[in-house]
Amino acid sequence: MTIQEIRVPDIGDFADVEIIEVLVSVGDSISAEDSLITVESDKASMEIPSPASGIIKEMKVAVGDRISEGSVVLLLEVAEDADTNKQDSDATDEVVENEETPSPQPLSLKGRGAKDASESNGKTQADTTPATNQKFESAPAAAKSAAKSNDGKISHEAFKKAYATPSVRKFARELGADLSKISGSGRKGRITQEDVKTYIKEMMSFGGNGQRGAPGVSGGMGIPPMPEIDFSQWGEVETIKLNRINKLTGEFLHRNWLHIPHVTQFDQADITELEAFRKQLNEEHKKTGEGSKITPLVFIMKALVAGLKKFPRFNSSLEPGGENLIQKHYYHIGIAVDTPDGLVVPVLRDVDKKSLNELSEELGVVSKKARDKQLKPSDMQGGCMSISSLGGIGGTKFTPIVNAPEVAILGVSRSDMQPVWNGKEFEPRLMLPLSLSYDHRVIDGADAARFTTYLSTVLSDIRRLLV
Ligand code: CAO
């Protein structure tokens, strides 16, 4: 028997990387090629395999340690005849360096680096997956050993945990799937991505709690992935690549939609007088050549600020832990701008301190900047509440998605002349549809109704903005 020092082999760019998983422990009997640890850089995760078979005598690393090429991972007791790296067969129980190791295998790529890496070899991440699984599944002994507790018994929980690759575990985590409840169909019981998908499908069809009889209800975040469909089977199709804004917006909206319990309150404001005043201002601007065109939106921004002052809870953000509200004492309003590349939301600051003319001018400038792709990330941060105005386009109402960390968003649709009963007769009044979506964790339905009622009152009589 000899004691062999197992070191990290050449792992390319993986210098000073963190160990995210230790797959073996002291006393384990492992085979050559069994995975020992998983390391993760900002681009990918990778398993480090053993170069030899033997029994683990001492672990030299733990989860969270950072390692590079040459770092000692563990001490392995190897049978002399199996010690392919050691030339001197006389020596026993001495530490030798391994000179030859199986190559480490990438498990998953992530982020931008992943894209670069996958593109650089002409493969997508999906392309690399089968090879990855194959490698990992050749390490069942290591995984099984890792599941042993101090008393030598195999913990069911740990066994299951060890029997999925980090990428599968990440996938399961994202879908809210409990790995301990999933049976692995991979080699020697390894849980595969397909197993996770199947489990989620079952949970969905059984009502989300694993019980039959409540179809169609999802188990919390246990949302199954959309199926991949080949639409070309039904006719001609083309694939259009989404641009960066589309992708970022999609991800952001999806996150907000899933995290925030949304409710939308609808209302209408009588803007007949406001519209008359707005037209008058625009006429004056035209005659004098001074001031930019004023649209209803700047009045709505002013009314919104009045609403935030009267109902401060709308001007807050919920701390991620859900323990506290952060109350803001400034009034910055985000405006959703439709651009050829997608939706962006620049923020107009200190709306309470600016005149209608100043806001109109600024709105023109930021909308142009947005459409010319000139907005900086800081131009889109720090909003208290956002407005999504589709008034220039059409529609009667909609349900905007809260622009987190804000707690509410005001949707505005196209104003419309309607017959309104004034107590004696129907009168033609210009009515502006409002759609207020809010985070129900922070705002009660009654407050939302009070808020839109107040907005409606202010917009119906803009003199109230002065009091
Ligand atoms: N009712 C009736 N008419 C309205 C109106 C309303 N609620 N809001 C605007 N209008 C009118 C304006 O007065 C203007 O009319 P004139 O040209 O006759 O003066 C016309 O519609 C066009 O207005 P606009 O859209 O150019 O200007 P705006 O200040 O209302 O909006 C901006 C600016 C940047 C918000 C808008 O251009 C925009 O991009 N809107 C889309 C926002 C969006 O996509 N939201 C959805 C997000 S969720 O996917």
Side-chain angles (χ1 to χ4, degrees), residues 242 245-257 260 262 264 266-286 291-304 333-348 351 354 356-375 379-380 383 385-404 406 408-418 429-437 452 455-456 459-460 462:
L242 288 177
I245 293 181
N246 294 153
K247 280 193 273 191
L248 284 174
T249 309
E251 216 171 276
F252 183 75
L253 291 171
H254 188 208
R255 186 200 68 187
N256 293 351
W257 180 251
I260 299 172
H262 281 76
T264 305
F266 301 108
D267 212 332
Q268 294 190 101
D270 181 339
I271 59 163
T272 316
E273 318 297 344
L274 182 157
E275 190 60 6
F277 180 52
R278 184 182 78 85
K279 281 190 174 147
Q280 186 189 326
L281 285 178
N282 279 337
E283 284 299 316
E284 286 169 15
H285 287 174
K286 225 186 252 173
S292 47
K293 189 174 86 175
I294 292 184
T295 64
L297 189 52
V298 286
F299 290 93
I300 297 166
M301 287 165 74
K302 281 290 195 188
L304 187 61
I333 303 295
I335 301 292
V337 178
D338 175 37
T339 79
D341 293 303
L343 173 71
V344 288
V345 188
V347 173
L348 274 70
V351 171
K354 291 175 182 164
L356 291 174
N357 280 337
E358 284 171 326
L359 289 173
S360 292
E361 232 157 79
E362 198 174 332
L363 187 60
V365 172
V366 292
S367 308
K368 182 169 183 325
K369 253 175 130 179
R371 286 168 184 142
D372 293 346
K373 297 190 206 169
Q374 298 293 314
L375 289 176
D379 294 331
M380 293 177 275
M385 194 168 154
S386 297
I387 300 176
S388 177
S389 173
L390 295 174
I393 303 168
T396 54
K397 53 183 82 142
F398 63 108
T399 55
I401 296 177
V402 172
N403 187 16
E406 298 164 19
I409 180 167
L410 182 68
V412 180
S413 299
R414 191 166 189 78
S415 58
D416 184 30
M417 198 58 86
Q418 291 177 20
R429 305 295 294 179
L430 189 64
M431 303 304 288
L432 178 75
L434 304 172
S435 307
L436 175 82
S437 290
T452 54
L455 284 186
S456 171
L459 288 167
S460 301
I462 51 172

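Computation of the quantities below employed the complete heavy-atom set of this structure, encompassing side-chain atoms and omitting hydrogens, waters and symmetry-equivalent molecules. Order of listing sets the numbers, starting from 1, for every ligand and every atom in it.
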Hey, what do you get for [atom1] ([X]) to [atom2] ([Y]), rounding to the nearest 0.5 Å?
| X | Y | atom1 | atom2 | value |
| --- | --- | --- | --- | --- |
| Phe299 | Ile462 | CZ | CD1 | 5.0 Å |
| Leu281 | Asn357 | CG | CG | 7.0 Å |
| Ile294 | Leu356 | CD1 | CG | 5.5 Å |
| Leu459 | Leu274 | CG | CG | 6.5 Å |
| Arg278 | Glu273 | CZ | CD | 14.5 Å |

How close does the nearest protein non-hydrogen atom get to [atom], and which residue and atom is it?
| atom | value |
| --- | --- |
| atom 31 (O) of ligand 1 | Leu297 CD2, 3.7 Å |
| atom 46 (C) of ligand 1 | Ser388 OG, 3.0 Å |
| atom 4 (C) of ligand 1 | Gly391 O, 3.4 Å |
| atom 11 (C) of ligand 1 | Gly392 CA, 4.1 Å |
| atom 1 (N) of ligand 1 | Ser415 N, 2.9 Å |
| atom 30 (O) of ligand 1 | Thr295 OG1, 3.8 Å |
| atom 44 (O) of ligand 1 | Asp338 CB, 3.5 Å |

How does [X] reach ligand 1, if at all, at less than 4.0 Å between non-hydrogen atoms: by side chain, backbone, both, or neither?
| X | answer |
| --- | --- |
| Leu432 | side chain |
| Pro296 | side chain |
| Leu390 | side chain |
| Leu343 | side chain |
| Arg278 | side chain |
| Arg371 | side chain |

Exercise. Under the criterion side chain to side chain contact (heavy atoms under 4.5 Å, CB included), which of Leu375, Val337, Val366 is the partner of Met380?
Worked result: Leu375
Exercise. Can you tell which of Ile409, Val345, Ile333 makes a side chain to side chain contact (heavy atoms under 4.5 Å, CB included) with Ile387?
Worked result: Ile333
Which of the ligand 1 atoms, numbered from 1, are nearer than 4.0 Å to a heavy atom of [X]:
| X | answer |
| --- | --- |
| Lys293 | 16 (P), 17 (O), 19 (O) |
| Ser367 | 34 (C) |
| Leu363 | 29 (O) |

Side-chain H-bond candidate by donor/acceptor type, [X] with [Y], under 3.5 Å:
| X | Y | answer |
| --- | --- | --- |
| Thr272 | Asp270 | yes |
| Glu406 | Ser386 | yes |
| His262 | Asn256 | no |

For this session: Nearest heavy atom to atom 7 (N) of ligand 1 wins, so pick from Ala336, Ser413, Ser389.
Result: Ser413
Exercise. For Gly395 and Ser413, which heavy atoms make the closest approach, and how far apart are they?
Worked result: O-CB, 3.4 Å
For this session: Locate the shortest heavy-atom distance separating Ala336 from Leu343; write the atom from each residue and the value.
Result: CB-CD1, 3.7 Å
For this session: Answer yes or no for atom 26 (O) of ligand 1: protein heavy atom present at a distance under 4.0 Å?
Result: no
For this session: Establish whether atom 16 (P) of ligand 1 and some protein heavy atom are separated by less than 4.0 angstrom.
Result: yes
